[in-house]
Amino acid sequence: MSQERWDECHQPLIQIAKKIRRTLDQKLIWQQTVDGLGTTLHASRCIICPYSSGTKELLVVAEYCCQPFSSMLGKFLHLIEEPGLIQAIATLEPVVLELDWQSDRFERGLVLIIPIYYQNQPNAIICLHQCAIDPDSLLSHWSATEIALVQELAEQIGIAIAHTNLRAELVTASQQAEEANRIKSEFLNNISHELRTPLNKIICSLKLILDDIADDPEEQLEFINYAHHSALDLLKLINDILAIGKLKTDKIQMDLEPVNLNDLLNDVERCMRPQTQERKLNLLIQTPTYKAIILYANYRGLLQVFLNIIDNSIKFNRAGGGITISTKAIEKKLVAFNQELPGMVEIAIADTGIGMSPHKQEKIFSIFTKGDGSRTTPHPGTGIGLTLCQKLIEAMGGEISFFSPGEGKGATVTFTVPLYRKSDGLG
């Protein structure tokens with residue numbers, strides 16, 4: 001390369017590097033790179049594609065292209081079809097290819113592939129094309145000096161891309177931290193309000209008894225029962241709070257054993273019938289038609305799942321509404337917990353309550369999340385009940401989901417539990 005050509009190439013590339021270092025806008029970096037290289041090196045086309053480890057296809061995100069050559073912007077380059085790209089990524093060295101005439105792809109030409117990397121990790125690819133509009137056109141190869149200059153620029157681009165990626169990660173992490181702090185603060189505000197409510201009920205009821213306000217023993221018994229129910233509510237809230245520590249672990253460890261579904265449903269009814277009757281709600285448990293369905297689960301954990309979900313349904317339901325529990329055996333052999341099991345049992349708990357809009361359902365199983373985060377909501381709760389249910393069900397090898405057609409249209413929580421065995425016939 002002549003000194004004149006050196007100056008012609010070197011100075012513009014220095015200017016490109018300066019512009020790149022002055023911005024954290026990745027799109028601008030990409031476009032300035034392809035425009036600068038394409039113009040300076042008189043390329044027919046210059047494209048750039050971001051790359052990350054494990055990527056199987058590269059998207060052309062920026063392009064410099066001369067007429068009459070076709071644009072590749074927005075197209076994908078599949079690595080399995082591009083050995084030159086694979087070589088450049090693997091070696092972090094430039095690759096020059098001469099392509100034969102291919103009318104179904106792009107024109108005959110030369111391709112210079114330059115890997116862009118930071119700390120020996122590739123993060124993008126530059127491809128410079130010298131194209132011909134017919135098979136007999138002469139093409140000029142890039143000199144070693146020109147390739148070296150492009151490599152030098154590529155190093156600056158690699159650093160710039162790494163910095164913009166790091167900045168984006170920091171911004172995302174900061175936003176996530178702010179959101180987490182907001183949710184936790186909201187949770188603590190809700191908790192303080194929720195704890196005071198049953199505690200005040202207990203104090204007021206006992207104070208009425210101590211002050212001998214009751215007109216007769218029957219009214220005094222009502223005060224005692226009211227205090228007792230409030231104490232149970234307070235205990236559940238405290239248990240929910242204590243469960244937060246368990247939720248921070250990836251898995252809840254529990255012993256699994258055969259569990260009779262009918263016995264479990266009887267216990268669920270015995271526990272929840274008084275609350276549903278008090279709220280004037282209909283509780284319908286559709287028992288299985290089989291003589292016996294035996295689950296492979298943890299009895300106490302599964303009972304807690306039922307009680308938490310039904311408790312939510314009671315809170316978000318209106319007098320005269322209903323809660324329905326239905327079960328369905330899905331016979332499909334599976335291997336779980338190092339043994340072969342005959343299938344799963346799907347359990348659905350549906351209510352006629354206030355429901356939920358679709359966008360709120362996405363985070364229903366997130367810790368500290370409530371459908372309504374306001375402390376003034378008429379529906380109390382800590383926002384961790386369903387999260388705990390999810391962890392328990394997953395620990396037992398099942399899955400859980402929430403669905404509501406919309407606000408005012410009720411909701412259904414569905415979960416699966418491994419089937420241990422079942423007996424055919426009517427019970």
Side-chain angles (χ1 to χ4, degrees), residues 194 197-198 201-202 205 218-240 243 259-295 297-329 345-355 371 378-382 384-386 388-389 392-393 396 398 400 402 404 409-417 426-427:
E194 300 294 344
T197 300
K201 291 179 181 178
I202 294 169
S205 298
E218 185 177 345
E219 188 175 28
Q220 184 173 351
L221 183 60
E222 287 182 10
F223 292 155
I224 294 172
N225 284 331
Y226 191 63
H228 178 250
H229 285 307
S230 299
L232 292 177
D233 289 341
L234 182 59
L235 177 62
K236 185 180 182 305
L237 286 172
I238 293 172
N239 287 336
D240 279 351
V259 173
N260 188 298
L261 180 57
N262 279 322
D263 291 345
L264 178 64
L265 291 175
N266 288 336
D267 282 349
V268 169
E269 182 172 22
R270 185 166 56 254
C271 291
M272 303 308 298
R273 183 68 70 182
Q275 294 184 48
T276 55
Q277 289 178 342
E278 183 181 349
R279 290 288 301 275
K280 296 181 174 56
L281 297 173
N282 299 312
L283 177 60
L284 174 61
I285 300 180
Q286 298 175 343
T287 55
T289 57
Y290 302 100
K291 288 182 179 178
I293 286 184
I294 309 299
L295 308 174
N298 179 278
Y299 194 91
R300 290 178 62 84
L302 202 49
L303 179 61
Q304 186 173 3
V305 170
F306 271 101
L307 299 186
N308 278 10
I309 296 173
I310 296 173
D311 186 61
N312 265 1
S313 294
I314 291 172
K315 288 175 188 174
F316 298 105
N317 225 320
R318 305 179 183 88
I323 301 168
T324 302
I325 302 174
S326 59
T327 60
K328 179 174 67 174
V345 173
E346 183 180 272
I347 299 167
I349 302 177
D351 65 56
T352 58
I354 63 172
H379 311 289
T382 61
I384 65 173
L386 283 179
L388 180 59
C389 289
L392 289 169
I393 289 298
M396 288 183 273
I400 187 169
F402 177 95
S404 173
K409 297 181 180 180
T412 301
V413 177
T414 304
F415 57 92
T416 57
V417 184
L426 297 174

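Residues: numbered from 1 along the sequence shown. The analysis underlying the following values was restricted to heavy atoms, covering all of them including side chains, and did not include hydrogens, waters or symmetry mates.
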Check your understanding: Asn298: what forms a side-chain hydrogen bond (donor to acceptor under 3.5 Å, both in side chains) with it, not counting sequence neighbours?
Key ->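 Asn298: no side-chain hydrogen bond (donor to acceptor under 3.5 Å, both in side chains) contacts found.
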Closest approach of [X] to [Y] (non-hydrogen atoms, all atoms of both residues):
| X | Y | result |
| --- | --- | --- |
| Ala227 | Ile202 | O-CG1, 3.6 Å |
| Ile293 | Ala329 | CD1-CB, 4.5 Å |
| Ser404 | Gly410 | OG-O, 2.7 Å |
| Gly321 | Thr352 | CA-OG1, 3.3 Å |
| Ala297 | Met396 | CB-SD, 3.6 Å |
| Thr412 | Ala348 | CG2-CB, 4.2 Å |

Practice item. To the nearest 0.5 Å, tell me how far Cys389 SG sits from Ile349 CD1. Key: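 So the SG of Cys389 and the CD1 of Ile349 are separated by 8.0 Å.
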Exercise for review: Name all residues meeting the salt bridge (charged side-chain N to carboxylate O under 4.0 Å, His left out) criterion together with Lys409; count only those two or more places apart in sequence or in a different chain, and write none if there are none.
Suggested key: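 Checked Lys409 against salt bridge (charged side-chain N to carboxylate O under 4.0 Å, His left out); zero matches.
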Are the side chains of [X] and [Y] in touch, meaning some heavy atoms are under 4.5 Å apart?
| X | Y | answer |
| --- | --- | --- |
| Val305 | Phe415 | yes |
| Asn308 | Leu386 | no |
| Ile400 | Leu392 | no |
| Ile323 | Met272 | no |

Output side-chain donor-acceptor pairs under 3.5 Å for residues 259-271, partner residues at least two apart or in another chain, one line each.
from: Asn260; atom 1: OD1; to: Asn262; atom 2: N; distance (Å): 2.9
from: Asn260; atom 1: OD1; to: Asp263; atom 2: N; distance (Å): 3.1
from: Asn266; atom 1: ND2; to: Asn262; atom 2: O; distance (Å): 3.3
from: Asp267; atom 1: OD1; to: Arg270; atom 2: NH1; distance (Å): 3.4
from: Asp267; atom 1: OD1; to: Arg270; atom 2: NH2; distance (Å): 2.0
from: Asp267; atom 1: OD2; to: Tyr299; atom 2: OH; distance (Å): 2.3
from: Glu269; atom 1: OE2; to: Arg273; atom 2: NE; distance (Å): 3.4
from: Glu269; atom 1: OE2; to: Arg273; atom 2: NH2; distance (Å): 2.3

Practice item. Establish, from distance only, whether the side-chain atoms of Asn282 and Thr276 form a donor-acceptor pair under 3.5 Å. Key: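 Side chains of Asn282 and Thr276: no pair found under 3.5 Å.
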Exercise for review: Mind running side-chain contact (heavy atoms from CB on, under 4.5 Å) on Ile310 and Ile325 for me, showing each step along the way?
Suggested key: CA-CA 9 Å; Ile310 296 173; Ile325 302 174; 3.6 Å; yes
**Study point:** Derivation of the side-chain contact (heavy atoms from CB on, under 4.5 Å) call for Asp311 and Gln275
**Key:** CA-CA 9 Å; Asp311 186 61; Gln275 294 184 48; 3.6 Å; yes
Practice item. Using atom types as modelled and distance alone, determine if a side-chain donor or acceptor of Thr416 lies under 3.5 Å from a backbone N or O of Val345. Key: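 Checked: no pair found.
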Check your understanding: Do other residues, nucleotides or ligands put more than 12 heavy atoms under 6.0 Å from the CZ atom of Phe223?
Key ->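 Yes, enclosed.
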